[in-house]
Amino acid sequence: MNSVLKGKNVLLGITGSIAAYKAAEIVRLLRKRGAAVFPIMTSSATHFVHPITFQTLASQKVTLKLFDKNNKQMGHLSLPRLADLLLIAPASANVIGKMASGIADEILTTIVLATEAPVVIAPAMDHGMYHSPILQRNISKLKAAGYRFIGPEKGDLASGEVGMGRMREPSKIVEYLEKLFQSRDDFLGKTFLVTAGPTRERLDTVRFFSNYSSGKMGYALAEEGGWRGAKIILVSGPSSLTPPGGVEFYQVESAQEMYDTVMDKFPQVDGVLMAAAVSDYRPARHWQNKIKKESREKLVVELVQNPDILKELGEKKANKILVGFCAETKDLEKEARKKLMTKDLDLVVANDITLEGAGFEVDTNVVTLIDGEGKKEALSKRSKREVAQKVWDKIKWLMEARKITREMT
Ligand code: CTP
């Protein structure tokens with residue numbers, strides 16, 4: 001069987017859930033595709049399935065303890081390094097909670113913290129636990145940090161009830177992993193510029209005009225793009241976020257500085273994702289010293305327009321991909337379609353910032369994607385990292401569609 005999983009080292013974390021027996025099938029399917037599987041069991045998991053099952057199927061010693069006097073190698077140091085991926089299936093509410101809090105009190109959660117490999121989580125639990133607001137908050141936190149989830153699904157539960165909480169079927173989980181590995185090459189050899197955060201327009205030495213953008217959407221796009229093989233140039237306005245590893249990073253302050261950096265880099269990129277909330281205006285004059293209130297009853301500040309970076313990119317885009325963002329408080333679709341046209345964009349990510357869980361500062365977003373042909377996809381509320389995944393999926397689709405058109409003409 002020719003699979004992208006061939007030769008990959010997959011760490012399989014098994015936690016305390018009745019679905020642990022299904023993890024045996026995951027091992028079998030992964031090995032059939034040529035992956036090496038390293039099982040790691042929490043002590044609760046061993047109440048459901050004996051480690052010998054996993055040892056036999058994986059042909060590997062099962063890692064059970066953080067401190068193993070018979071093992072000279074420190075498992076929590078060696079395993080994370082060799083991993084191409086860490087899959088936790090089944091993932092109990094308890095382990096999800098620990099991961100979301102950065103607790104590393106046994107071997108599996110220690111490896112989660114130590115590894116730089118992608119982590120995929122397949123939850124399995126009773127529906128009551130799954131719907132608990134605390135668990136949902138933990139899941140959101142992990143998603144925002146870039147952890148990926150598959151499932152759970154609705155179905156028969158161990159309690160005899162029917163509800164949400166069943167682990168996805170092993171074949172679906174393995175299919176998902178194959179897609180995930182494939183997607184890591186999606187943008188290999190391509191360079192994309194991503195802008196993020198607000199801009200600051202100086203008034204005097206201590207004051208500025210700005211907006212509430214945190215940079216979260218742009219940073220999520222940069223991280224996801226890098227994850228999928230693209231070289232990323234991130235141009236960010238002031239943000240408290242740490243730039244993702246591996247990106248070429250430029251910190252700017254004003255719209256004019258962002259304009260200069262973007263224009264300088266534009267010739268070398270295959271596309272631009274303009275997620276920054278660029279200030280449309282700046283003060284016409286910049287006071288050299290701090291403005292004092294004495295002697296002024298009123299302060300009238302004249303604002304002049306900043307350059308529209310994206311519009312100018314649209315004028316010189318040739319065959320580069322341009323993605324714009326459109327944050328509105330009314331007439332969202334009308335405004336988004338207008339920007340698509342006037343700025344000659346390939347894709348607009350539109351969001352109504354009045355909705356709960358959308359817009360500035362929060363970890364989630366509710367967006368509609370509208371492409372250059374007018375096709376529209378409305379996405380339900382999800383983490384900004386998941387929105388970023390959808391945006392890159394769409395860019396890939398647009399690039400492939402273009403390639404097909406070029407080949408046909
Ligand atoms: N944008 C830009 N340069 C500007 C203003 C906006 O490149 N000076 C980009 C944003 O990064 C975003 C898109 O244009 O991707 C739309 O920004 P938005 O502020 O919503 O729209 P505007 O075009 O400025 O129009 P308006 O504010 O009047 O709706």
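All ligand and atom numbering here is 1-based and tracks the order in the structure.
- For F187 and F192, the gap between ring centers is short of 6.0 Å.
- Distance screen at 4.0 Å: atom 22 (P) of ligand 1 has a protein heavy-atom neighbour inside the cut-off.
- By the 3.5 Å distance cut-off applied to N or O atoms, K343 is counted among the residues near ligand 1.
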Q: Could you go through the side chain to side chain contact (heavy atoms under 4.5 Å, CB included) check for Y259 and E312 one step at a time?
A: CA-CA 10 Å; Y259 172 90; E312 209 170 309; 2.5 Å; yes

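- For atom 27 (O) of ligand 1, the closest non-hydrogen atom on the protein side is D280 OD2, 3.0 Å.
- The shortest contact between atom 3 (N) of ligand 1 and any protein heavy atom is with I309 N, 3.1 Å.
- Near E328, the atoms of ligand 1 lying under 4.0 angstrom from a non-hydrogen atom of the residue are 29 (O).
- Inter-residue side-chain proximity for I96 and I139 is flagged as met; some heavy-atom pair is nearer than 4.5 Å.
- Inclusion of V278 in the set of residues having an N or O under 3.5 Å from an N or O of ligand 1 is not warranted.
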Q. Which is it for I291 and R207 under the side chain to side chain contact (heavy atoms under 4.5 Å, CB included) test, yes or no, and what are the steps along the way?
A. CA-CA 9 Å; I291 302 169; R207 302 178 181 96; 3.9 Å; yes

Q: Tell me, with the steps shown, if K65 and I107 meet side chain to side chain contact (heavy atoms under 4.5 Å, CB included).
A: CA-CA 6 Å; K65 287 191 201 137; I107 185 70; 5.8 Å; no

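- Not a single N or O atom of A277, backbone or side chain, sits closer than 3.5 Å to an N or O atom of ligand 1.
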Q: Could you check K403 against E400 for salt bridge (Lys or Arg N to Asp or Glu O under 4.0 Å), going step by step and ending with a plain yes or no?
A: CA-CA 5 Å; K403 211 167 120 203; E400 270 165 12; over 6 Å; no

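- For ligand 1, the polar-atom distance check against F325 finds a nitrogen or oxygen pair separated by under 3.5 Å.
- Here's the thing with L310: one of its N/O atoms is less than 3.5 angstrom from an N/O atom of ligand 1.
- Residue-to-ligand polar distances place P307 within reach of ligand 1: an N/O pair is separated by less than 3.5 Å.
- For D105, the CG atom is densely surrounded, since the number of other residues' heavy atoms within 6.0 Å is greater than 12.
- Remark: minimum distance from atom 11 (O) of ligand 1 to any protein heavy atom is reached at A276 O, 2.7 Å.
- Side chain to side chain, S59 and R31 meet the donor-acceptor criterion of an N or O pair below 3.5 Å.
- The atoms of ligand 1 that sit less than 4.0 Å from any heavy atom of G324 are 15 (O).
- The backbone N or O of P198 lies less than 3.5 Å from no partner atom in the side chain of N211, so there is not a single donor-acceptor pair.
- Annotation: K339 places an N or O atom under 3.5 Å from an N or O atom of ligand 1; distance criterion only.
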